[in-house]
Amino acid sequence: MRGWSLYAFLFLFSSVGFAVKSQDFKTCSQSGFCRRGRALAERAKDAGDAWKSPYSVDPSSLTVSPDRASFMAAVESSLYPSIKFSLELRVHDDGVVRVRMDEVDGLHKRYDETASWVLPKEPTISRDLLWTANNTAISLGYSRGKHDDVDVVVTYNPLTIVMSKNGKPQIMINGRGLLHMEHYRSKDTPAVEGSDNAQAVLDTAGSRAWFEGDKEEDFWEEKFKSWTDKKPKGPESLSLDIDFPESQRLYGIPQHATRLDLPTTTGEEAVYSDPYRLYNADVFEYSASSPMSLYGSIPVLYAHHYDGTVGVFNAIGSETWIDVYHPSPRSSQTHWISESGILDVFLLPGPNPEDVLAQYGRLAGTQSLPPLWSLGYHQCRWNYVSSDDIRAVQSRFDAEDIPLDVLWLDIEYAEEHKYFMWDHKTFPDPVDMVNDLSAYGRKLVAIIDPHLKRTDDFPVYKEAQEKGVLVKSKNGESDYEGWCWSGSSSWLDMFNPKSWEWWRRLFAIDPPKQPEGWHWTQSTKDIHVWNDMNEPSIFNGPEITMEKDAVHYGGWEHRDVHNINGMLFANQTFKALEARMSPPERPFVLTRSFFAGSQRFGAMWTGDNLGTWEHMAVGIKMVLANGLGGFSFAGSDVGGFFGNPEPEMLVRWYQVGAFMPFFRAHAHIDTKRREPYLLDDPYKSIIRDTIRLRYAMLPVWYTAFWKASATGMPVLRPQFVMFPGEKNGFGIDDQFYVGDSILVKPVTEEGADETQVYLGEDEHYYDYFTYTMYRGAHEGRLITVPAALDQIPVFIRGGTIVPTRERHRRSVSLTKRDPFTLRVALDHQGHANGTLYLDDGDSYDYHEGGFIWREFAAKRVKTTITLSNNDHGARKPGEAVAGVDFQTYSPGNEFAQSAANVRVEKVVVLGLTGKPVSVTLGGVELAWEYTPGYGWLERQDGGKASVLTIKDPKVPIAKYWEIVITL
């Protein structure tokens with residue numbers, strides 16, 4: 001780092017000791033509204049059956065909309081009869097139920113815009129509903145369709161909302177009476193009216209103390225360390241209990257470093273003493289097991305049992321704490337405590353993981369289909385110090401024949417950390433440098449953080465100041481000032497619409513077409529962007545972030561929108577890069593801070609992890625959790641950001657990274673250089689082979705990303721998603737599937753030479769490298785497999801067909817015309833299926849049908865197996881990919897024609913029961929060889945499968961063909 005910022009802050013954020021500075025961050029007991037919410041829950045628990053929620057529906061106010069898709073009603077509180085609330089239920093055509101409750105005509109308006117930032121479009125409303133009302137409740141049911149066994153009942157007094165399936169409650173809101181929307185009040189209004197002695201009336205019906213407590217706790221201001229948070233609007237928190245009476249496991253609410261199956265936070269056997277916190281924060285050197293908030297927040301939660309899955313999405317952007325408890329082996333309870341905002345909850349009826357993930361995907365949007373090159377290997381550190389350094393790194397990768405697609409620049413490329421402005425002492429020729437990378441099909445990613453150095457010689461800051469698009473201080477007038485890498489800084493307010501077009505102009509690479517003003521002149525279309533520090537991270541702020549009473553566009557306090565803030569910065573960067581080209585090309589943006597909906601605009605990583613085995617392991621769980629949150633394009637820093645891992649750990653971390661959706665090595669400025677070519681053999685060769693494996697399997701990855709963008713299914717699939725009825729696999733989070741065909745169990749233990757893998761179905765699994773065959777069981781079973789340092793436990797699931805490209809190339813762009821290898825892994829009946837998605841990898845032409853979609857099938861009829869390549873899957877009525885109905889897709893589109901000469905050069909069939917009599921294509925015998933082994937009829941565990949290798953059948957990837965194997 002340069003200048004004062006290194007010496008002032010590197011000491012503050014010293015990596016010595018490698019331990020999170022937990023004292024810099026609040027616990028629930030140090031947060032007034034969380035403390036109040038937990039105290040409410042304790043009072044309810046102590047009162048038992050005598051506890052009753054004060055909130056009720058006024059039946060006379062109930063109104064069903066003319067289209068019968070929603071209803072509204074007034075809600076009253078017996079504590080404050082003069083304070084009114086409104087309740088609305090709205091039903092979407094996929095069965096999702098939206099519940100909204102807000103204060104009516106309060107002293108202030110509560111923040112109600114979170115969902116508008118998350119939902120890319122308004123959901124389609126259902127018209128197939130039956131409403132029934134009586135004196136105690138109103139219920140709705142679906143008159144037909146997939147959810148005709150689901151009903152929702154709203155009881156009036158006390159107010160509860162229950163979604164049931166076949167009469168069994170699945171989701172219950174306010175069933176324990178913890179709903180409390182702290183209404184706005186004047187500061188001189190006492191918290192407990194009508195009581196001379198609050199302590200004496202704690203158990204007296206009609207008083208407020210029994211419900212709210214007997215004293216004001218941090219209502220109007222709150223102290224933490226040296227900071228005082230002034231709260232001009234007073235208390236406005238929202239407490240809400242959401243229970244799952246039929247669900248034994250809970251997943252989701254990323255980002256936390258913990259198990260995928262969320263541990264409990266309350267009760268006698270609680271794993272953690274604090275609730276899970278959602279409050280985006282710069283928590284460097286974070287613990288590998290903690291409910292602490294980290295860099296991003298996605299308030300979606302899934303509740304699972306072997307006979308069903310449901311979910312909730314809580315659209316709230318303020319700081320939120322979530323308690324988790326299992327009152328019985330079959331049920332789960334949660335308590336959500338948020339600092340501000342309205343109640344805006346979406347109930348996802350499932351009934352299985354695939355359905356509930358699709359329902360959430362339709363709400364918040366699905367993972368964007370990234371450019372193909374971004375799925376290759378990324379090399380980064382803080383910092384590559386010059387343009388010569390960048391060229392030297394590229395040269396060494398090529399000399400060692402290690403694939404590479406992206407080189408990265410951290411903050412030191414920018415003069416005095418004034419982003420967009422190159423330090424010409426070290427980067428005198430940035431455009432030439434980038435063009436040197438582009439000549440080899442590679443890209444550059446440069447960091448651009450949201451803090452702008454407050455100096456007149458930084459045109460980005462000056463223009464932002466003049467346009468009034470900076471966050472304001474608590475007075476709402478002067479620009480907010482804090483400290484970050486740039487020194488004294490201000491922050492862009494991306495909630496302000498005026499900032500959006502201006503931000504896009506900064507990235508322009510065709511100046512004559514741009515409005516007058518400053519832009520990034522020394523840039524090209526091959527520079528992409530890394531948005532870091534966008535929580536926002538502020539070195540001299542409370543909890544290393546922005547004061548909650550800072551003011552955003554519209555007069556909203558930062559407390560209302562904190563968790564959304566970082567998402568908007570990355571989203572607008574994505575749109576700015578997209579606008580550089582006409583027609584646009586798919587950009588790549590990496591963000592550290594994120595929220596629900598961020599998946600539509602790029603990738604994320606798990607932040608400043610440590611070079612430890614524990615962090616290697618928990619990174620897998622965190623990426624899986626993010627996938628469930630809709631954000632599949634995720635990964636952890638390979639090698640750990642802090643520390644100097646030994647060669648064994650580095651090798652294992654590359655093996656983990658090669659099977660993460662986002663594959664990047666990164667390191668702190670104080671670490672030793674650890675590019676893979678610097679290692680001695682055998683470590684260097686193992687890592688080279690690992691990176692090459694990633695490139696060979698890119699067709700699998702790209703097809704999985706396409707499916708994620710089309711359906712909401714995550715790229716990496718946890719065990720319970722793959723086998724929702726197999727209860728022994730619900731807690732497994734150290735292995736996963738890439739798409740639906742590849743099972744991976746990374747090794748994250750030092751010195752391991754074998755590991756255990758769980759097979760959750762009665763099916764064959766084939767070792768990807770040796771073709772050793774294993775067999776699972778209906779109830780699941782563990783197998784022990786070899787895992788020496790040069791071995792990655794990777795398996796092909798029986799019944800799938802895996803397309804790969806086996807040519808070794810230096811970058812992804814050079815693989816686009818390479819031939820394919822098909823691995824056909826026969827199931828226990830002799831069948832297999834697989835899919836392949838291809839497009840040009842850069843443009844948006846796929847939206848107009850410019851792609852290749854193939855469905856491979858191996859179908860056995862008696863002693864004949866027919867292996868075919870067709871597009872039948874593309875003609876299922878109503879099925880869509882990336883917004884294009886398959887009925888409009890033409891297999892003869894322009895892109896498919898451009899790939900007419902791309903062929904299949906090898907087919908490997910695993911698990912035949914014997915040597916074929918013939919292998920023909922159109923009646924003509926093909927060249928093939930057969931290695932005897934075990935076949936689909938045997939229940940084998942550790943023996944080699946038979947292998948049929950068909951040599952270069954020269955069949956096109958984009959056209960129909962059949963290969964007939966006669967046994």
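- Counting only distance, with no hydrogens or angles, the side chain of S338 and the backbone of S318 share no donor-acceptor pair below 3.5 Å.
- Under a 3.5 Å cut-off, the side chain of Q255 and the backbone N or O of Y295 do form a donor-acceptor pair.
- Put simply, the side chain of S31 never gets that close to the backbone of C28: no donor and acceptor are under 3.5 Å apart.
- Donor-acceptor pairing under 3.5 Å is recorded for the side chains of S593 and N280.
- Ring pair F495/Y553: centre-to-centre distance not below 6.0 Å.
- Using the six-membered ring where Trp is involved, F224 and W227 have ring planes that are parallel, under 30° apart on the 30 and 60° scheme.
- If you check the side chains of H180 and E212, you find a donor sitting under 3.5 Å from an acceptor.
- For the pair H615 (side chain) and N609 (backbone), a donor-acceptor distance under 3.5 Å is absent.
- Checked by atom type and distance alone, the side chain of E222 pairs as donor or acceptor with a backbone atom of G32 at under 3.5 Å.
- Surrounding NZ of K230 are at most 12 heavy atoms belonging to other residues, nucleotides or ligands under 6.0 Å away.
- Each of V300, L628, L348 was evaluated against L357; a single residue qualifies, L628, per the side chain to side chain contact (heavy atoms under 4.5 Å, CB included) test.
- Sorted by first and then second residue, the salt bridge (Lys or Arg N to Asp or Glu O under 4.0 Å) pairs involving residues 254-276 (not counting sequence neighbours) are R249-D261.
- Taking the centre and axis of the six-membered ring of Y279, the NZ or CZ atom of K548 falls inside the cone set by 45° and 6.0 Å.
- Side-chain contact of S488 with E481: a donor-acceptor pair under 3.5 Å is present, judged by distance alone.
- Here H335 and Y325 keep their ring centres 6.0 angstrom or further from each other.
- Remark: of the listed residues W117, F569, F574, F594, F574 is the sole one forming a ring pair (Phe, Tyr, Trp, His ring centres under 6.0 Å) with F601.
- None of R559, K474, K223, K26 except one satisfies the salt bridge (charged side-chain N to carboxylate O under 4.0 Å, His left out) rule with D229; the exception is R559.
- Taking every heavy atom of both residues into account, L278 and I322 meet most closely at CD1-CD1, 3.9 Å.
- With hydrogens and angles ignored, the 3.5 Å screen pairs no side-chain donor or acceptor of Q333 with any backbone N or O of D243.
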Run H451 and Y419 through ring-ring contact (aromatic ring centres under 6.0 Å, His included) and show every step you take. CA-CA 9 Å; H451 49 269; Y419 307 108; 5.3 Å; yes
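- Relative to the ring axis of W530, R664 places its NZ or CZ within 45° and under 6.0 Å from the centre.
- Nearest heavy-atom pair across S490 and D479 is OG-CB, 4.1 Å.
- Side chain of R110 to main chain of L343: no donor-acceptor pair is present (N/O by atom type, distance under 3.5 Å, no hydrogens or angles).
- Residues W605 and W408 place their aromatic rings such that the two centres sit no closer than 6.0 Å.
- Between the side chain of H256 and the backbone N or O of R277, at least one donor-acceptor pair lies under 3.5 Å.
- The minimum heavy-atom distance between R381 and H666, with the atom names listed, is CA-ND1, 3.5 Å.
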